A.B. asks: 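Structure below; questions to follow.
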There are 2 protein chains.
Amino acid sequence: MNKEELIKQTAKELFFSKGYLHATTQEIADAAGVNRSLINYYFRSRDLLFQTVYREAVDSLKSQLDKVLYDKIDFQAKISLFIDVYMKELLKYPYRESFLITEICSKNFALKEKKKSAALVHFLKEVGEEMDKGTIKKGDPIQFMFNLFALMSFPVIMKPLYQKLLDISQEKYNTLIAERKQIILDQIFN
Amino acid sequence: MNKEELIKQTAKELFFSKGYLHATTQEIADAAGVNRSLINYYFRSRDLLFQTVYREAVDSLKSQLDKVLYDKIDFQAKISLFIDVYMKELLKYPYRESFLITEICSKNFALKEKKKSAALVHFLKEVGEEMDKGTIKKGDPIQFMFNLFALMSFPVIMKPLYQKLLDISQEKYNTLIAERKQIILDQIFN
DNA sequence: TTAATGTTTAACAATTTTGTTAAACAACAA
DNA sequence: TTGTTGTTTAACAAAATTGTTAAACATTAA
């Protein structure tokens with residue numbers, strides 16, 4: 001892998017996987033095994049590296065949604081597939097969304113462009129139709145989407161805290177996460 | 001309010017309410033309207049201020065749980081009350097848990113002591129009993145707890161991102177959040 | 001009043017983090 | 001070969017952030 005890509009991937013590793021949102025350029029360089037100046041050579045500044053990582057995170061998030069949510073398959077199968085795809089990514093990058101939130105909340109971050117996800121809008125429409133059909137309980141499709149994402153993401157994101165609060169081992173927690181898919185499906189389609 | 005308390009409250013405001021996890025001591029001092037040296041006077045170092053805020057966040061989280069989860073009231077009423085209490089706090093401090101996670105993930109943070117929550121353990125036992133009674137669907141009480149916290153917290157935490165992805169206004173989003181309680185109760189007790 | 005104690009501030013010092021530069025190095029074409 | 005281009009590094013410079021100090025200030029007790 002070329003160094004530019006290596007730096008980006010390492011930054012994502014630190015931010016999204018390790019949840020180390022305070023990483024300095026030196027720490028990123030060390031983790032990547034490259035000279036810190038290379039970060040400035042390829043990205044000009046720390047801030048531009050962050051912006052690049054941010055943009056790619058949003059893009060990859062959206063392209064993931066695209067990949068599944070446009071599929072013309074049975075709704076129940078689509079949800080099942082979606083949970084598979086999304087939770088696989090969650091386990092790899094549990095803190096990606098947390099990074100995005102932190103950056104959005106950060107002062108110097110002014111992203112003017114619209115980042116609306118067409119795939120999500122399309123999915124919400126489909127959810128509405130399934131509610132009419134009676135496949136799932138009626139309600140606001142957005143709330144259905146909230147429920148779905150919440151049930152997948154939150155236990156993964158909160159792992160370090162819940163492990164402390166409940167004194168649960170790594171293995172036990174991983175087992176609990178692995179069981180989530182079926183639990184979510186039960187919740188949705190009871 | 002005395003300055004020491006003011007500094008702590010302001011730090012919590014920045015971290016927990018605004019989600020501004022990168023705040024410097026100068027920014028905290030400015031937001032509090034005090035001289036930055038006061039932070040060193042009262043807390044010795046930036047790190048100790050962070051540790052203090054962290055500890056108080058964990059303690060207040062646990063004491064909140066205590067306040068509700070030990071109540072000897074009907075289970076359904078207890079859940080209803082718990083959602084009220086917890087979501088009220090969530091709206092005030094949406095990023096408190098995110099701050100905790102970020103600090104736990106941060107390298108220099110080695111919290112050795114057990115922070116296990118007796119109230120949660122007690123609650124899990126009660127959930128198990130209610131499952132036996134048939135009030136709620138059978139399963140692992142921890143998973144029930146995961147569902148409950150996820151459904152409350154996640155849509156609140158992800159507000160900035162979901163507003164972008166779905167192009168939703170402040171008012172609309174707030175309305176959606178306000179509707180959450182009933183939706184969660186429906187999910188749980190269908 | 002003075003003395004003692006705690007609080008607050010500005011100025012300074014130290015440290016950490018980031019950014020720049022020039023030179024070394026590598027690959028490759030002319 | 002030489003020259004050109006892009007890559008990598010160390011050394012340096014600049015900026016940002018944190019920590020320390022001494023003096024000013026306030027409050028209260030003796």
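As the structure is a prediction and not an experimental result, all values here were calculated from the model. Numbered from 1 within each chain, the chains take letters A, B, ... in sequence-line order.
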A.B. asks: Classify the ring geometry of His22(B) against His22(A): parallel below 30°, tilted from 30° to 60°, perpendicular beyond 60°.
C.D. replies: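 Rings of His22(B) and His22(A): perpendicular, over 60°.
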A.B. asks: In whole angstrom, what separates Arg36(A)'s CZ from dC12(D)'s P?
C.D. replies: 14 Å
A.B. asks: Could you tell me the separation between the CG atom of Leu48(B) and the P atom of dT18(D), rounded to a whole number of Å?
C.D. replies: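 Between P of dT18(D) and CG of Leu48(B): 14 Å.
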A.B. asks: Could you state the atom-to-atom distance from CZ of Phe50(B) to P of dT18(D) in whole Å?
C.D. replies: 8 Å
A.B. asks: Would a single hydrophobic cluster contain both Ile183(A) and Ile157(A), if residues Ile, Leu, Val, Met, Phe, Trp and Tyr are joined by side-chain heavy-atom contacts under 4.5 Å?
C.D. replies: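 The answer is no; the residues belong to distinct hydrophobic clusters.
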A.B. asks: Kindly write out the residues that satisfy ring-ring contact (aromatic ring centres under 6.0 Å, His included) with Phe99(B), not counting sequence neighbours, or none if the list is empty.
C.D. replies: Phe15(B), Phe16(B)
A.B. asks: For residues 2-11 of chain A, which residues have at least one heavy atom under 4.0 Å from DNA chain D?
C.D. replies: Lys3(A)
A.B. asks: Please classify the nucleic acid contact of Phe43(B) as base, sugar-phosphate, or nothing, using heavy-atom distances under 4.0 Å.
C.D. replies: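 No contact.
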A.B. asks: Establish, from distance only, whether the side-chain atoms of Gln26(A) and Asp30(A) form a donor-acceptor pair under 3.5 Å.
C.D. replies: yes
A.B. asks: Measuring to OP1 and OP2 of dG19(C), would you say a side-chain N or O of Asn40(A) lies under 4.0 angstrom away?
C.D. replies: yes
A.B. asks: In this structure, how many angstroms lie between the P atom of dA16(D) and the CG atom of Asp30(B), rounded?
C.D. replies: 14 Å
A.B. asks: Is the distance from OP1 or OP2 of dT20(C) to the nearest side-chain N or O of Tyr41(A) less than 4.0 Å?
C.D. replies: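 It does not, given that no N or O in the side chain of Tyr41(A) lies less than 4.0 Å from OP1 or OP2 of dT20(C).
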A.B. asks: Calculate the interatomic distance between His22(B) atom NE2 and dT17(C) atom P; express it in whole Å.
C.D. replies: 14 Å
A.B. asks: Report, as yes or no, whether the 6.0 Å neighbourhood of atom NZ on Lys172(B) holds more than 12 heavy atoms from other residues, nucleotides or ligands.
C.D. replies: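 No, because the 6.0 Å sphere around NZ of Lys172(B) holds 12 heavy atoms or fewer from other groups.
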A.B. asks: Measure from CG on Asn35(B) to C1' on dA10(C) and round the result to the nearest Å.
C.D. replies: 7 Å
A.B. asks: Say whether, by atom type as modelled, one donor and one acceptor occur between the side chain of Ser117(A) and the main chain of Leu166(B) under 3.5 angstrom.
C.D. replies: no
A.B. asks: Could you tell me how far apart Arg46(B) (CZ) and dT17(D) (P) are, to the nearest whole angstrom?
C.D. replies: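 Arg46(B) atom CZ is separated from dT17(D) atom P by 10 Å.
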A.B. asks: When you measure from the side chain of Leu38(A), which nucleotide among dG19(C), dT9(C), dT8(D) comes out closest?
C.D. replies: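 My answer, after comparing the listed nucleotides, is dT8(D).
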A.B. asks: Please work out whether the ring planes of Phe75(A) and Phe144(A) are parallel, tilted or perpendicular, with thresholds of 30° and 60°.
C.D. replies: tilted
A.B. asks: Could you run down nucleotides 21-27 of chain C 5' to 3' and tag each one B, S or - for protein heavy-atom contact under 4.0 Å?
C.D. replies: -------
A.B. asks: Which of these nucleotides, dG19(C), dT18(D), dT18(C), is closest to any side-chain atom of Thr25(A)?
C.D. replies: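 Per side-chain heavy atoms of Thr25(A), the pick is dT18(C).
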A.B. asks: Where does the angle between the aromatic ring planes of Phe82(A) and Tyr86(A) fall among parallel (under 30°), tilted (30 to 60°) and perpendicular (over 60°)?
C.D. replies: tilted
A.B. asks: When you compare the side chains of Gln143(A) and Asn147(A), does any donor N or O come within less than 3.5 Å of an acceptor on the partner?
C.D. replies: no
A.B. asks: Under 4.0 Å: is that the gap between some side-chain N or O of Thr24(B) and OP1 or OP2 of dT17(D)?
C.D. replies: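 No, because none of the side-chain N or O atoms of Thr24(B) sits under 4.0 Å from OP1 or OP2 of dT17(D).
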A.B. asks: Nearest whole angstrom, please: distance from the C1' of dT17(D) to the CD of Glu27(B).
C.D. replies: 10 Å
